[in-house]
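Report on the following structure.
We count residues from 1, following the sequence as given.
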Amino acid sequence: MNVDVLTLFPEMMDGVFRTSILGKAQEKGIVSLNAVNFRDYSDNKHGTVDDTPYGGGGGMVLKPDPIFAAVEDLLSKTSAAPRVILMCPQGETFTQQKAEELSAEEHLIFICGHYEGYDERIREHLVTDELSIGDYVLTGGELPAMVVIDSVVRLLPGVLGNETSAVTDSFSTGLLEYPHYTRPAEFRGWKVPDILLSGHHANIELWRREQALKRTLQRRPDLLKKVALTDQDRKVIRRLRQEQQESNDG
């Protein structure tokens with residue numbers, strides 16, 4: 001996969017792109033991560049990339065020409081048809097399902113504004129997707145782009161050491177993930193559940209499924225409306241709700 005990020009602050013990407021999972025993924029040749037300063041595509045000697053809005057009002061607006069020129073230059077160097085993603089608060093809320101969708105692409109181009117809005121013609125005629133990471137506003141699109149890129153790249157084959165890790169993550173199954181434990185078996189009097197020490201893998205899987213259902217019911221019950229539940233899952237949820245009600249009554 002090739003990932004290009006259009007930004008006025010390419011240095012913001014350096015640490016994230018060079019370290020940890022993303023850095024190792026590049027070393028393995030699984031992904032190429034590239035930050036592009038779209039100021040370099042400005043058509044005047046001052047490197048201007050923004051201007052005042054037509055119709056008046058406060059703030060500045062990113063001009064279309066430098067961003068179009070930057071994207072078109074990237075397109076001229078590839079035979080793939082990339083997804084061109086605009087990071088903005090008005091976009092579709094990013095989810096694990098969207099990460100899985102994007103992980104199937106060969107080339108992603110992210111456009112990151114900073115401080116200001118975009119000329120509407122960028123939205124209408126250049127981008128394929130608009131993404132938001134939540135209902136709040138940041139000073140720029142760089143941090144949200146990093147979040148999306150990290151989420152997508154870790155799903156690529158060979159990136160994670162354990163290929164099942166991404167499959168069982170929270171949200172990948174539609175549920176929040178079950179609790180994890182490691183050595184020591186007892187720490188300050190807190191013991192690892194006996195089932196995890198039993199070596200009985202079938203029972204451990206049942207326990208993990210129940211714990212995932214329980215955690216989702218307690219913390220994100222809205223997710224249960226979207227996941228495909230088995231008859232056994234529904235039976236477990238009824239029992240958990242009954243136990244919860246009894247605990248509240250008590």
Side-chain angles (χ1 to χ4, degrees), residues 16 20-22 83 85-105 108 110 129-139 141-157 159-182 187 190-198 201-250:
V16 174
S20 189
I21 296 297
L22 295 185
R83 299 278 282 272
I85 302 166
L86 188 72
M87 303 306 303
C88 66
Q90 303 169 28
E92 171 190 353
T93 301
F94 183 65
T95 63
Q96 185 66 23
Q97 288 67 40
K98 193 69 175 182
E100 292 168 0
E101 176 189 327
L102 293 176
S103 71
E105 300 290 335
L108 302 175
F110 291 84
D129 302 81
E130 295 184 44
L131 289 181
S132 165
I133 62 167
D135 294 337
Y136 48 90
V137 179
L138 300 172
T139 54
E142 288 82 7
L143 292 173
M146 291 182 212
V147 168
V148 174
I149 291 166
D150 185 275
S151 180
V152 170
V153 170
R154 66 190 300 280
L155 296 175
L156 300 179
V159 170
L160 297 181
N162 183 345
E163 293 300 325
T164 64
S165 295
V167 176
T168 58
D169 281 338
S170 289
F171 305 110
S172 291
T173 62
L175 301 173
L176 299 185
E177 197 174 11
Y178 52 78
H180 293 274
Y181 296 88
T182 188
F187 174 69
W190 304 312
K191 296 181 179 180
V192 173
D194 290 338
I195 184 67
L196 298 178
L197 307 175
S198 69
H201 296 295
N203 287 347
I204 290 172
E205 288 305 310
L206 289 173
W207 180 87
R208 286 175 169 170
R209 181 68 177 182
E210 178 170 329
Q211 291 299 310
L213 290 166
K214 181 178 181 179
R215 182 159 287 185
T216 305
L217 179 63
Q218 290 174 337
R219 303 183 184 187
R220 289 291 305 276
D222 57 296
L223 294 176
L224 294 173
K225 300 175 184 177
K226 306 173 186 177
V227 67
L229 299 172
T230 66
D231 290 341
Q232 179 61 28
D233 289 339
R234 294 187 182 90
K235 185 183 296 185
V236 169
I237 290 171
R238 284 195 296 270
R239 175 170 57 78
L240 291 171
R241 281 177 171 155
Q242 184 177 354
E243 291 173 357
Q244 190 176 51
Q245 183 61 47
E246 291 172 355
S247 174
N248 293 338
D249 292 344

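Two residues are said to be in side-chain contact when any heavy atoms from C-beta on lie closer than 4.5 Å; K98 and E101 meet this criterion. Within the 4.5 Å cutoff, the side chain of K214 has no heavy atoms near those of the E243 side chain. Within the 4.5 Å cutoff, the side chain of L131 has heavy atoms near those of the L102 side chain. Using a 4.5 Å heavy-atom cutoff, the side chains of V16 and D150 are not in contact.
Look at E210 and R239 and you find a salt bridge, because one of the NZ, NE, NH1 or NH2 atoms lies within 4.0 Å of a carboxylate O, short of that distance. In this structure, E205 does not pair ionically with R209, as no charged nitrogen and carboxylate oxygen lie closer than 4.0 Å.
Of all non-hydrogen atoms in L223 and G174, the two that sit nearest each other are CB-O, 3.7 Å. A pairwise comparison of heavy atoms in P193 and W207 identifies CG-CZ2, 3.9 Å as the closest pair. Nearest heavy atoms, S151 versus A99: OG-CB, 3.4 Å. Nearest heavy-atom pair across Y136 and P89 is O-CB, 4.3 Å. The heavy-atom pair separating P144 from M87 by the smallest distance is CB-CE, 3.6 Å. When all heavy atoms are compared, the tightest approach of D233 to A228 is OD2-O, 4.4 Å.
Taking CD of Q97 as the start and OG1 of T95 as the end, the distance is 4.5 Å to the nearest 0.5 Å. Once rounded to the nearest 0.5 Å, the distance linking CZ of R220 with NZ of K225 reads 11.5 Å. Rounded to the nearest 0.5 Å, atoms CG (L224) and CD1 (I237) are 4.5 Å apart. Of the inter-residue distances, the one linking L196 atom CG with K191 atom NZ reads 14.5 Å to the nearest 0.5 angstrom. Between T216 atom OG1 and Y178 atom OH the span is 13.0 Å, to the nearest 0.5 Å.
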Q) Where do L229 and L213 land on the side chain to side chain contact (heavy atoms under 4.5 Å, CB included) test, with the steps shown first? A) CA-CA 10 Å; L229 299 172; L213 290 166; 4.0 Å; yes
Q: For side chain to side chain contact (heavy atoms under 4.5 Å, CB included), just list the numbers for L155 and Q96, CA-CA rounded to whole Å, side-chain angles, deciding distance to a tenth of an Å, and then say yes or no.
A: CA-CA 10 Å; L155 296 175; Q96 185 66 23; 3.7 Å; yes
Q: Dump the intermediate steps for side chain to side chain contact (heavy atoms under 4.5 Å, CB included) on I133 and V148, then the final yes or no.
A: CA-CA 8 Å; I133 62 167; V148 174; 4.2 Å; yes
Q) After noting the C-alpha distance and the side-chain angles of K235 and R238, does the key distance pass the side chain to side chain contact (heavy atoms under 4.5 Å, CB included) rule? A) CA-CA 5 Å; K235 185 183 296 185; R238 284 195 296 270; 3.9 Å; yes
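No side-chain N or O of N248 forms a donor-acceptor pair with one of Q244 less than 3.5 Å apart.
Other residues, nucleotides and ligands contribute only 12 or fewer heavy atoms inside 6.0 Å of the CG atom of D194.
Without hydrogens or angle criteria, S103 side chain to L156 main chain gives no donor-acceptor distance under 3.5 Å.
By the side chain to side chain donor-acceptor pair (under 3.5 Å) test, Q211 pairs with no residue at all, sequence neighbours left out.
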